[in-house]
Amino acid sequence: MGRTDRTGSTAPTDSGRAGVSRVVVVGGGFAGVSLLRRLESALPAGRAELAVVSPVDHLLYTSLVPQVCASTVEPRHLAVALRAVLRRTLLRLGDVVAADLSAHTVTVRSADATTRTVGWDRLVLAPGSVTRTLDVPGLDEHALGLKNLDEAVALRDHVLRRLELADAADDPRRRAALCTFVVVGGGYTGTELAAQMVGFTRHAAAAYQRLRPSDVRWLLVDHAPRVLHELAPALGHRAARVLAGRGVEVHLGTSVVEIGAEAVTLAAGGPTVRTRTGVPTHTVVWCAGVSPSPLVAALGLPTAHGRLIVDEFFRVPTADGVFALGDAAAVPDVTRGGAPAGQTAQHAIRQGRTAARNVAASLGYGSPRRYRHRDLGFVVDLGGRAAVANPFGLTLSGPPAALLTRAYHLAALPAGANRVRVATDWVLNSVLGQEITHFDESVPERAEIATSEHTRIYQPTR
Ligand SMILES: Cc1cc2nc3c(=O)[nH]c(=O)nc-3n(C[C@H](O)[C@H](O)[C@H](O)COP(=O)(O)OP(=O)(O)OC[C@H]3O[C@@H](n4cnc5c(N)ncnc54)[C@H](O)[C@@H]3O)c2cc1C
């Protein structure tokens, strides 16, 4: 039996097998995959059916995404195949765009815009987050995001094409604008990106006939008073020294007030006196934080700062049989007095493991457990032999931190094949240098954040 949805396409209903519980997980990222791996062993195959809905067939290892932009790692090597890491979970390609929480169904929209209704006994919401955009004129049209592989590849190619255009430009002002790159957001993503890209673009510029490496200019802008403001101050100070040593111009206490196709306007100073500066540039990368997937708002469930409210067992209190975790959920961290856990892969992976116990317990297998996080510290790869890290509270920088950072990423990548590919990329790059080719035909000139991150597809839940 099917029903017609508001797009006019037929929506067949898939209700599962009688006597077998069905767990549907929304999102195959860090949280979803770590949960499903545990559930595959915790629930007997004959008693429970597992399904994951994801718009892509892979988990993206986001921590190394800046290395895709800097041509240190091949994009595909960060894509961990869901079909390889999940043994008995059915993968349904598509986006969940709505849910009927009383009928226990979700609506899945495929890439061709047809929809299908899928039934569940337990629903786990782990759709992660999207780039947080603000009400800055020109942001939607001109800024580039860095949340998925498409955006990373588009950014790398965009930057190389600006160098190509700069090389051909006769007007020195146009050439300078094309060689100027602005990163907004001095958190770990923006800091890693600026630190790694300055080296890559200078390496690339050396290969062009009319460009010199010193023509390339990178700016890192943040309204916070220091870089890596979400991490321990010692890491921020050390990272700032690396950025300064590489010639990245760091503008702290500074906001972006307007973005145009060929310039960005910055405002610095206190709330009363603001100095505005125009910076000619054709590239603004927006790394100013994340907000929960728009699916959360479409569901109409209670939220805190846009994240789904859950208890310490990951249960959504107002929706029977529904669990949520990862970036999209405000999971209380009992080690920090119940404050919402941070939006990091480290949290998402551990939450997945504990949430799996609790989903299994809700179906009669095992007993539930509260989420308790032990912080292992953070690693920030600044490219080359530079990194900062604070394992177990110990602050490291330079080659020891770089070694630890790379070892950590290899260990944390969820599949052996990806580990080997990434390690091979690192070795080849250290010997051969980064590749500087780009593919004009395959990548759109500019990928709008909303298009690339599918943020306009949601229907409000009835
Ligand atoms: C560039 C970058 C670098 C980062 N570096 C680090 C780092 O070094 N260390 C660290 O700890 N954290 C890092 N993070 C943060 C980390 O990636 C997130 O905290 C983590 O991915 C959250 O896990 P998640 O499972 O909640 O979401 P994700 O891993 O993002 O997974 C969510 C999945 O849900 C899918 N999805 C979204 N909407 C729907 C829908 N409607 N229906 C079905 N599926 C949907 C998405 O496509 C995605 O596959 C980084 C993030 C970025 C963007």
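Just so you know, ligand 1 is whichever comes first in the structure, and atom 1 is the first atom listed for that ligand. Counting from 1, the numbers follow the sequence of the chain as shown.
Salt bridge Glu40/Arg88: absent, no basic N to carboxylate O contact under 4.0 Å.
Between His104 and Trp120, the ring planes are parallel. Angles under 30° get that label, and only those over 60° would be called perpendicular.
Checked by distance only, ligand 1 and Ser63 come closer than 3.5 Å through their nitrogen or oxygen atoms. Checked by distance only, ligand 1 and Gln343 come closer than 3.5 Å through their nitrogen or oxygen atoms. Taking any N or O of Ser54, backbone or side chain, none lies under 3.5 Å from an N or O belonging to ligand 1. Polar contact check, Ala345 against ligand 1: a nitrogen or oxygen pair lies under 3.5 Å apart. Between Glu192 and ligand 1, no pair of N/O atoms sits closer than 3.5 Å. Residue Asp327 has at least one nitrogen or oxygen atom sitting less than 3.5 Å from a nitrogen or oxygen atom of ligand 1, judged on distance alone. Looking at ligand 1, you'll find an N or O of Ala31 within less than 3.5 Å of one of its N or O atoms.
Nearest non-hydrogen protein atom to atom 37 (C) of ligand 1 is Pro127 O, 3.0 Å. Protein heavy atom at the shortest distance from atom 45 (C) of ligand 1 is Pro55 CD, 3.6 Å. Given atom 15 (C) of ligand 1, the protein heavy atom at minimum distance is Tyr188 OH, 3.5 Å. What sits closest to atom 29 (O) of ligand 1 on the protein, heavy atoms only, is Phe30 N, 3.2 Å. In terms of protein heavy-atom proximity, atom 42 (N) of ligand 1 is closest to Val96 N, 2.9 Å. The shortest contact between atom 3 (C) of ligand 1 and any protein heavy atom is with Thr62 O, 3.3 Å. Of all protein heavy atoms, the one closest to atom 27 (O) of ligand 1 is Gly128 CA, 3.3 Å. Of the protein's heavy atoms, Val53 O, 3.3 Å lies nearest to atom 43 (C) of ligand 1.
Short contacts between ligand 1 and Tyr458, defined as distances under 4.0 Å to a heavy atom of the residue, involve ligand atoms 38 (N), 40 (C), 41 (N). The atoms of ligand 1 that sit less than 4.0 Å from any heavy atom of Ala348 are 22 (C), 23 (O). Interface of Leu146 with ligand 1, defined as ligand atoms under 4.0 Å from a residue heavy atom, comprises 1 (C), 53 (C). Within ligand 1, counting atoms from 1 as listed, the ones closer than 4.0 Å to a heavy atom of Gln346 are 11 (O). Listed by number with element, the atoms of ligand 1 under 4.0 Å from a non-hydrogen atom of Gly29 are 25 (O), 28 (P), 29 (O), 31 (O), 33 (C). Proximity to Gly326 (heavy-atom distance under 4.0 Å) selects the following atoms of ligand 1: 26 (O).
Between the OG atom in Ser34 and the CD atom in Gln351 there is a gap of 9.0 Å [rounded to 0.5 Å]. Atom CG in Leu413 sits 7.0 Å away from atom CG in Leu78 (nearest 0.5 Å).
For the pair Arg369 (side chain) and Arg357 (backbone), a donor-acceptor distance under 3.5 Å is absent. Using a distance-only test at 3.5 Å, with no hydrogens or angles considered, a donor-acceptor pair links the side chain of Arg122 to the main chain of Ser362. Side chain of Asp222 to backbone of Leu252: no donor-acceptor contact under 3.5 angstrom is found.
Between Ser293 and Tyr458, some side-chain heavy-atom pair lies under the 4.5 Å cut-off. Taking 4.5 Å as the limit, every side-chain heavy atom of Val182 sits out of range of all side-chain heavy atoms of Val285. Looking only at side-chain heavy atoms (C-beta outward), Val227 and Leu243 come within less than 4.5 Å of each other.
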Just do the side chain to side chain donor-acceptor pair (under 3.5 Å) check on Ser291 and Arg132 with the steps written out, would you? CA-CA 5 Å; Ser291 42; Arg132 181 178 59 207; over 6 Å; no

Stepwise, does the side chain to side chain donor-acceptor pair (under 3.5 Å) test hold for Asp381 with Gln67? CA-CA 9 Å; Asp381 192 332; Gln67 298 203 10; 2.8 Å; yes

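Residue Thr189 holds the heavy atom nearest to atom 1 (C) of ligand 1 of all those in Thr189, Ile457, Leu376.
Between His409 and Tyr61, the gap from one ring centroid to the other is short of 6.0 Å.
Closest approach of Leu404 to Ala389, counting heavy atoms only: CD2-CB, 3.8 Å.
Within the structure, the closest approach of Ala126 to ligand 1 falls below 4.0 Å when heavy atoms are considered.
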